[in-house]
Every structure is written in C-alpha cells, then in structure tokens.
There are 2 protein chains.
Amino acid sequence: MLDTLDRRIVAALERDARVSFGDLAEEVGLSKTPCWKRVKALEDAGVIRGYSTRIDPAAIGFDIEAFIQVSIDFEVSDAFEAAVKKHPLIRRCYATTGEADYLLQIVTVDMRALDRMLRVELSRLPGVRRTVTSMAMREIKGDISFADAAAHALRG
Amino acid sequence: MLDTLDRRIVAALERDARVSFGDLAEEVGLSKTPCWKRVKALEDAGVIRGYSTRIDPAAIGFDIEAFIQVSIDFEVSDAFEAAVKKHPLIRRCYATTGEADYLLQIVTVDMRALDRMLRVELSRLPGVRRTVTSMAMREIKGDISFADAAAHALRG
DNA sequence: CCTGAAATTATCTTAAC
DNA sequence: GTTAAGATAATTTCAGG
C-alpha cells in the first residue's frame, strides 16, 4: 500500500493539486526525480484519479443544498441511474442500504428551484416511488485527506 | 455571475485542475492572458476555492463507505463539530434538517473497522445520542460540474 | 530506490500594444 | 482583447551512491 512518502505526497496534492514538483519534493523530503516518479506511479495505480478544482457553490449562487433519500422500482434502476448521472443539479449519488435505495445530494439556487427540482424533475425520473428530503443547513467538513485517513487506519 | 467563458473555464478546471493555460485558453476560445486573468479573478472572487486531487478510496484500501445520521445534545455542538473536523475517517459532515442533526460520511478499511468506528469512536464524540447507519454500496455519481449546474440553473 | 546535475521542452507571468 | 518575450518550471536522461 502507500508508504510514508506516498502518503505525504498524496496529502500535499490533496491540499494543492497545482504545487510544482520542486516544492512538492521539498515538502515531502525527496528530490524532484523520485518525487515525480512516485506521482506517476500513483496515477498509474489508480490511486490518483485526477486533479480537480474546488468550487464554492454559494459563490456562484447555489444557496440551497439538500439530501434526498430515494426509493425506486428496481426494474428500472439502470434508467434511474443514467438519469441521475445526466442531471446537472444532482451533485452526488450513492446506492445505499436501509429504508431508501439511493441517497442523492443536490444543489439549487433557491427554495423555489428546490421545490421545482423535487416536484417536477426528481419525481419524474425513471422508477421513483418515494423521496425523503433533508436540507443541508451548513457544511461542517468538506473533504478529508485520504492520506490522513490512511495513516489513521494503519495506526488504529 | 459567471458568463459563458467563465463557465467553460470552470468546467475545464473541474475536469482537470492541471491543464496548462495554453490548452485551457484554446479549449475555451481565448488567448492565454485573458484566460489567465479570468482564472485569477475567479480565485480572488472565491469561486475557485482551490485545486485538489481525487483519490480512489478503494485503491488505498478503504472498501467501506457509510452514511451516518447523528443526533446530539446541542449544548455541546461546538465540541462535536470540532471532533468531527479532527477525525480522519469522517469524510464529510453536514448539519441537516429532519430527524437527525448531522449527516456524516465515513470511510473504513473493512467491516471490523466500521464496527469499531461506530461502537468505540463515534459514540464517544461529544454529545452523541443516537446514530443511524446506512452503507454506501456503490457510488453512482461522484461530483458534478458546477459549471454545468450553473448553466442549467440559468436555463431553467 | 535514492541524489544531483544538465539539457530540452513547455509553461507561466508580465509588459507593451 | 492580442502578441511577444523573459522568467520559471516540467520532464527526460545520465552518472553515481
């Protein structure tokens, strides 16, 4: 699995995906060449899936976030999942155990748009039987460092 | 708000945060300098919060993901939230409306670690009264393009 | 598997238009 | 907004520990 140096590299890249190899190497205590090689190896191994940009939803007008538990007819689960992937306001979706079949996280600009999203768009996705909505009032924690998680898992 | 070019820039940066300004400019139909200026402006405006690396949890051994609805004593909500922020296995946390007070997303390496996480660690966080756990069996959709979401919100 | 240096190529950033 | 140019950085290669 990841050794200490890999975890340092991953942690640094999670913090700032655009750090230069020079700075990254210095930060993790390597010289540039092996640092570069490790990053490439992590990319090839699929540990690093890509580099992305964190956008502030509120800064572009998405003031409403909500979680929606969705129960469906499983005969049309493929069509449901395809529709979920296509819908721009559905931020994340997981198939879950428990009372509902899926957990969705969505964004909208306001309550009016949330109403429209639930009443008009979501309810008409393939197979949707029942939805239970919970508003996200505040984000306490956005995304963890998987490098820190890995270090914790090793210890504990 | 964001104009068409800004949205194209954001969409491209969400796909690949390490794209060169040369390629980015070509992709969005600008020359390098105005493209670079727009990116800086988006950073200064807080639209771009930073650049991060997508890690595959499964590739580093985190085979279990779960959502946990947590109800707490609100007198100790600050301590609870501080503990959540510190815990490496808590991936995300939102304060929510509904039956529970918070929704947590956690990762663990296996079921044994999940049991430990729930029974030993989570239950001992400040103020925790009740937890309801749901396993994430499969990720249907990871993270949206906020640029696409913004374009959708404008249209509809 | 590491270091260090050197050469090439690409990219960033600023300045002038 | 464009084009152009100097400063920086990325990437590859190689000799050596």
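Just so we're clear, the structure is a prediction, and the values are computed from it rather than from any experiment. Just so we're on the same page: letters track the sequence lines, and every chain starts at 1. Values below: all heavy atoms of this structure, side chains included; hydrogens, waters and symmetry mates excluded.
Only at 4.0 angstrom or more do the heavy atoms of residues 40-53 of chain A sit from any atom of DNA chain D, so none qualifies. Using a 4.0 Å cut-off on heavy atoms, none of the residues of residues 2-23 of chain B approach DNA chain D.
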Which pairs would a plain distance check flag for residues 2-11 of chain B, meaning a side-chain donor or acceptor within less than 3.5 Å of a matching protein atom at least two apart in sequence or in another chain?
{"residue": "D3(B)", "atom": "OD1", "partner": "L5(B)", "partner atom": "N", "Å": "3.1"}
{"residue": "D3(B)", "atom": "OD1", "partner": "D6(B)", "partner atom": "N", "Å": "2.8"}
{"residue": "D3(B)", "atom": "OD1", "partner": "R38(B)", "partner atom": "NH1", "Å": "3.1"}
{"residue": "D3(B)", "atom": "OD2", "partner": "R38(B)", "partner atom": "NH1", "Å": "3.2"}
{"residue": "D3(B)", "atom": "OD2", "partner": "R38(B)", "partner atom": "NH2", "Å": "3.4"}
{"residue": "D6(B)", "atom": "OD1", "partner": "R38(B)", "partner atom": "NH1", "Å": "3.0"}
{"residue": "R7(B)", "atom": "NH1", "partner": "L2(B)", "partner atom": "O", "Å": "3.2"}
{"residue": "R8(B)", "atom": "NH1", "partner": "V28(B)", "partner atom": "O", "Å": "3.2"}

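Within a 6.0 Å sphere centred on CD of E26(B), heavy atoms belonging to other residues, nucleotides or ligands number 12 at most. Remark: E99(A) CD is loosely packed, at most 12 non-hydrogen atoms of other residues, nucleotides or ligands lying under 6.0 Å away. Within a 6.0 Å radius of CZ in R18(A), more than 12 heavy atoms belonging to other residues, nucleotides or ligands are found.
Closest approach of L13(A) and T53(B) over heavy atoms only: O-OG1, 2.7 Å. Of all heavy-atom pairs spanning R91(A) and I144(B), the tightest one is CA-CG2, 3.1 Å.
Nucleic acid contact for K37(A): none, since no nucleic acid atom lies under 4.0 Å from a heavy atom of the residue.
The interatomic distance linking W36(B) (CH2) with dT13(C) (C1') rounds to 6 Å, in whole Å. Here the P atom of nucleotide dC12(C) and the NZ atom of K32(B) are 7 Å apart, to the nearest Å. Separating the CD atom of E26(B) from the P atom of dT11(C) is a distance of 11 Å, rounded to the nearest angstrom.
A sub-4.0 Å separation between OP1 or OP2 of dC1(C) and a side-chain N or O of R38(A) is absent.
Judged by distance alone, with hydrogens and angles left aside, T33(B) brings a side-chain donor or acceptor within reach of the base of dT3(D), the pair sitting under 3.5 Å.
Looking at D23(A) and D16(A), their side chains never come closer than 4.5 Å, going by heavy atoms from C-beta outward.
Below 30°, between 30° and 60°, or above 60°: for F74(A) and Y102(A) the angle between ring planes is between 30° and 60°, a tilted geometry.
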